[in-house]
Amino acid sequence: MACEEHYSALMHGLEKLDFSGSPVPSAMVLTRDHAFPLALSPKGQVLIAASCYGQGRMVVLGHEQYLRDFPDLVENALSWLISSVEHTTTVGIHESCKDIAYNLSISGTNVKVGDFQSGFDVYVCDAYGVDQCAKQLVAFLKAGGGLLIAGQAWHWATIHPDKNAFLHFPGNKICSVAGIYLSTYYGEHGTFSVPKQIPTSYHSVLSSKDFVRDLEFLLKGVSEFDIQGEAVPSEVLVHGPLAFPIGTTPNGGAFIAGAYYGQGRVIVSTHEAYLGHEPLTTFMINAIHWLDEGHNGLVGVQPQLKGAYKLLKRSGLECQLTHFKEGLSVYVCTSYSDAQCDEIQDFVAEGGGLLIGGHAWHWAYTHRGHNVMTDYPGNHILNEMGLSILEDTLSSGLYKTPDVQQVSTKGYHFRKLLQRFIEHMTLSKTLTEHEQAFLKKLGSDYAKYLRIQAHDSASYTSVVTSLTEMLKKVDFPQVSDKRPVSSAKDHLLLHIGTQVYKVCSDPDTLLPYIIKNRPNLPTVSNARVCISVKTEDFKEWISTGLYLSPGMKTYIEIPPEIIGKDWQVQIGCQSDDLGKAEVLKRAPVVCELFPVNAEKIHVCNLWGGLIYLIAPPKSQVKGMEIIIKTAIQAPYYKSDETTVKDWVNNIRNAPAPWAELEFENIILTMDSDIIRQLERPDKVATLWDNIMKGVADLAAKPAKFPRKERFVADVQISAGFLHSGYPIMMHTESAWDLMGPMKDMWGPIHELGHNQQRSVWEFRPHTTECTCNIWSVYIHETVLQISREQAHEEMTSARRLRRIQSYVKGGQNLKEWEVWTALETYMQLQEKFGWDAFKTVFAAYHHMKDVPDHKEGKMNVYTETFSKVVNMNLAPFFKAWGWPIEPSTEERLSSLPVWSDHPMAQYI
């Protein structure tokens, strides 16, 4: 890390610094990635800092007296500044600092006292008299010059109460471009030790900037944000110390936010349509004036943003459709390109304004496996400004503007609340009711913030270090089904612990504080796993039969033919995110993915888990072998490979806590204790082979599934008693039901039915929880030999009749045609025409094109399709159920014999 090398040179030979004298320094705010602290108080205040900008370097002291009090530091600083110059160096010293010139002259340095001028390579000055030469000094720094500047801003602020010290204090006009601001907050006194490495446990001074005046300006004449319509915004994560939310949903999700960056400002809107959105006209004009800072300069608008151009032009602003260029005061653009990223950042840092709009959800959808925080083009520009556009979406709507006077006390600000939470956990400071209400959101946002992975940023590493130290001091929740957690504090700790473990500098030392009773299980070495797979339009998990304990590390050797081709390694089978759950029985996220991008990849997961290889869509390999250096054997049965004898005598007793049973078309994953006593896995295999053949048979598909279905039984899942997907998730307590035909199989088959549903013959919301049950009935009757009346209590004749009568009494209102009531329609069809009719109908849909995408149209297509399959006009039947059958459909079916004695005829 370059900053570490710079720190070592600057603090060489220093063991402590005495700040106990009379000078009162300004504490500093550090923002840019290259800015790092040199001197830190016990409270975490930065009193001396350094940074780079362009080709140049800068050291900033929090009081001008420190130029005299710390001669060794000044000597180191000048040596560091001079070391970047390749020729004989001239050091210029401002008149106010001339008393340090004598010491420099003795050391042989070429010194000139006076105002800044060309020919200087390094310049030393205080932070007060640089107004006239601020732009020249910024240009000097950018071109490779060195600057040593010292001063405090708190006194200036007392005599300029109406001025914004972050922008207008003379020293900040220069220092801020490199991400260092002298604040109006008093620095701490005392004698402080100098650590060997950059001090990272610090926080930015937040209380000196409350953004009230900014919000008053931006929201003048604005009472609400009308973002109704088809445009779907992303959420923007507001994480910088000088960034702030502007437009938010009631739960704190921001869709418009702003920030200070150097001498400039930025506003981000999370959909580009809002930049030209008529209902937001007043706000957008305010935004341009705020960004322009009274210069009345030229506003450049990216050519594709014609709506924004018209809106601004109509308001009397001097606008021009143009790509980014010199001479602009404000630039308006989308977030979909990072072209000229560095130039745009410098433009803002040196006083320009940036209005940028765009969402990231579509980019994330089309770039699966990529990190939105680091790879999305707009975030290349915005991350360092303290703003990041997320893949998460917010609802379009009408949102009130915030109460400006209550923003500091009741509003949500990621970094402020994070610091308050650390103080709450380590110093027992009480959180307000509003702060507690936002803790769950803080945990989610923090996980996203860490994905920036800015390990070269002192600001980023300071947050990681502060939280690492906090985790070592708190009682971390040892969550389980027997020790569930429900408090917002424990939720947040679980989020933080999971994410900090991934990015902290020494996860091994942190691990015992998070998981206090790790099992010591026997391992196997150099396990070889042979893989053959052919995927279609979806990715596929490939089981290895191996497991990693929590925090256990291993290396996997990868054959070259799949490197860099979107393959992944996954640790953990519990892919459900429980972030929205009120009570947790495990951490919210316990799966970890790693890209297959090298011949040897290092993998580890805080929570441990089964090891999988994830094959991307449209991939094919045969007989490929991977080698897993160290792992734990799991109970793993595979049809046609594992014998019953080996299973009973050895495999089922393998030490891993997770087990898998892999059959022809399905894989069952569950707690190992559930299958330790399983004597005949072959019989379970036969059962599921027959069930899956039945599922395919009803769907009119080949018996061999293109991808095996998966069940995972977990201690907690994200929704319902079970839910569909890949994998289908279910609760651990129901896992034994998968082992035998006389158990409760309705639910599992119901979820398999969900996975067979197709939008062309689905009429949502009516049939979402209905048509999947067709498979439940079919499998019970044809495979398990259990009648529908016995398969589920809702399928008894009495209950079915009551539902029909209730529906008819309500006037055959389609709004009431859902779940079991809707299932009656299909059961009546089946009882008249048999299962083969359904198979033929499903088969017809496999080749059907141009099916309407609206519910009414699809219902008419279904009516016509089923009628033609059974050679009977079913329009009167479906109309009796309240379906919106069109006259044109009735006309096309008029030549077929009418099903006149259908079960609903008696109710017409």
* All ring pair (Phe, Tyr, Trp, His ring centres under 6.0 Å) counterparts of Tyr186, not counting sequence neighbours -> Trp154
* Should the ring pair Trp290 and Phe244 be called parallel, tilted or perpendicular, given that the plane angle runs from 0 to 90° and is split at 30 and 60? -> perpendicular
* For Gln117, check side chain to side chain contact (heavy atoms under 4.5 Å, CB included) against everything at least two apart and list the hits. => Phe120
* Heavy atoms from other residues, nucleotides or ligands near NE2 of His12 exceed 12 (cutoff 6.0 Å) -> no
* Asked: Any chance NE2 of His155 has more than 12 other-residue heavy atoms, nucleotides or ligands included, within less than 6.0 Å?
  -> no
* **Under the salt bridge (Lys or Arg N to Asp or Glu O under 4.0 Å) test, residues paired with Lys142 that sit two or more places apart** => Asp346, Glu350
* On the 0 to 90° scale, with breaks at 30° and 60°, tag the Phe414-Tyr446 ring pair as parallel, tilted or perpendicular. => parallel
* Quick one: list whatever passes salt bridge (Lys or Arg N to Asp or Glu O under 4.0 Å) with Asp131, sequence neighbours left out. => Lys173
* To do: For residues Tyr460 and Tyr449, establish whether the separation of their ring centroids is below 6.0 Å.
  => yes
* Asked: Sequence neighbours excluded, which residues qualify as ring pair (Phe, Tyr, Trp, His ring centres under 6.0 Å) partners of Tyr7?
  -> none
* Asked: Taking all non-hydrogen atoms of both residues, which atom of Arg32 and which atom of Val177 are closest, and how far apart?
  -> NH1-O, 2.9 Å
Below 3.5 Å, can you tabulate the donor-acceptor pairs from side chains in residues 322-333 to any protein atom, sequence neighbours excluded?
residue : atom : partner : partner atom : Å
Lys325  : NZ   : Gln320  : OE1          : 2.4
Ser329  : OG   : Asp292  : OD1          : 2.4
Tyr331  : OH   : Phe324  : N            : 3.2

* Do Tyr123 and Phe140 make the cut of ring centroids closer than 6.0 angstrom? -> no
* To do: Identify, with sequence neighbours excluded, every residue that meets side chain to side chain contact (heavy atoms under 4.5 Å, CB included) alongside Lys135.
  => none
* Sequence-distant partners of Ser51, side chain to side chain contact (heavy atoms under 4.5 Å, CB included), two or more places apart -> His34, Ala35, Ala178, Ile180
* Under the ring pair (Phe, Tyr, Trp, His ring centres under 6.0 Å) rule, collect the residues that match up with His63, sequence neighbours excluded. => Tyr66
* **Counterpart residues, salt bridge (Lys or Arg N to Asp or Glu O under 4.0 Å), relative to Lys441 (two or more places apart)** => Glu235, Asp445
* Structure fact -> Smallest heavy-atom separation, Cys133 atom then Phe116 atom, equals SG-CB, 4.5 Å
* To do: Just jot down the ring pair (Phe, Tyr, Trp, His ring centres under 6.0 Å) partners of Phe169, sequence neighbours excluded, or say none.
  => Trp156
* Taking the six-membered ring for Trp, are Tyr274 and Phe225 ring centroids under 6.0 Å apart? -> no
* Mind telling me whether Phe438 and Tyr412 have parallel, tilted or perpendicular rings, with 30° and 60° as the class edges? => tilted
* Donor-acceptor contact present, side-chain Asn383 to main-chain Thr374, <3.5 Å -> no
* Check ion pair Glu95-Lys98 (N to O, under 4.0 angstrom) -> yes
* To do: Could you list the residues that satisfy salt bridge (Lys or Arg N to Asp or Glu O under 4.0 Å) with Glu272, not counting sequence neighbours?
  => none
